[in-house]
Asker: 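Please find one structure pasted underneath; my questions will follow.
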Amino acid sequence: MFKQRKNKRFTYKSQLQDSDKSKSKDDFETLWNEANSSNKHRGSVLTSLPALIIILVLILVLIYVLDGYIK
């Protein structure tokens with residue numbers, strides 16, 4: 001009487017084959033290691049977090065002292 005709906009079927013083909021999966025993973029790891037090794041240079045001492053916090057505290061103390069001279 002009524003037509004029952006059938007489940008839709010999708011054909012999915014992976015873009016990477018099984019052999020390409022291991023190859024692409026190895027390529028990614030080598031690229032990642034190259035990027036990490038080239039990016040290991042130390043930054044300036046002034047851009048480190050403790051130095052920036054100390055500079056911020058010194059600026060706040062300086063503002064407080066200068067505000068005392070104004071009053």
Side-chain angles (χ1 to χ4, degrees):
M1 195 166 154
F2 294 108
K3 286 187 177 179
Q4 290 187 356
R5 300 179 96 185
K6 293 183 179 180
N7 290 337
K8 293 182 179 179
R9 292 184 183 180
F10 297 98
T11 56
Y12 173 75
K13 294 180 183 177
S14 67
Q15 295 179 356
L16 298 173
Q17 300 297 328
D18 292 335
S19 62
D20 290 340
K21 286 182 184 178
S22 62
K23 182 180 176 186
S24 65
K25 184 179 178 182
D26 292 337
D27 289 340
F28 177 74
E29 287 178 2
T30 55
L31 290 174
W32 180 260
N33 290 335
E34 288 175 6
N36 274 348
S37 64
S38 66
N39 198 14
K40 287 193 177 186
H41 65 280
R42 288 279 184 183
S44 174
V45 175
L46 293 177
T47 59
S48 67
L49 185 61
L52 291 174
I53 292 173
I54 292 171
I55 291 171
L56 178 65
V57 169
L58 290 175
I59 290 173
L60 291 174
V61 168
L62 182 65
I63 290 173
Y64 179 74
V65 169
L66 292 177
D67 189 40
Y69 283 120
I70 293 174
K71 292 182 179 180

Asker: Nearest 0.5 Å, what's the OG-CD1 distance between Ser48 and Ile55?
Answerer: 8.0 Å

Asker: Sort out for me which residue in Ile70, Ile63, Leu62 forms a side chain to side chain contact (heavy atoms under 4.5 Å, CB included) with Leu66.
Answerer: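 Exactly one candidate clears the test, Leu62.
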
Asker: State the CD1-CG distance between Ile53 and Leu56, to the nearest 0.5 angstrom.
Answerer: 8.0 Å

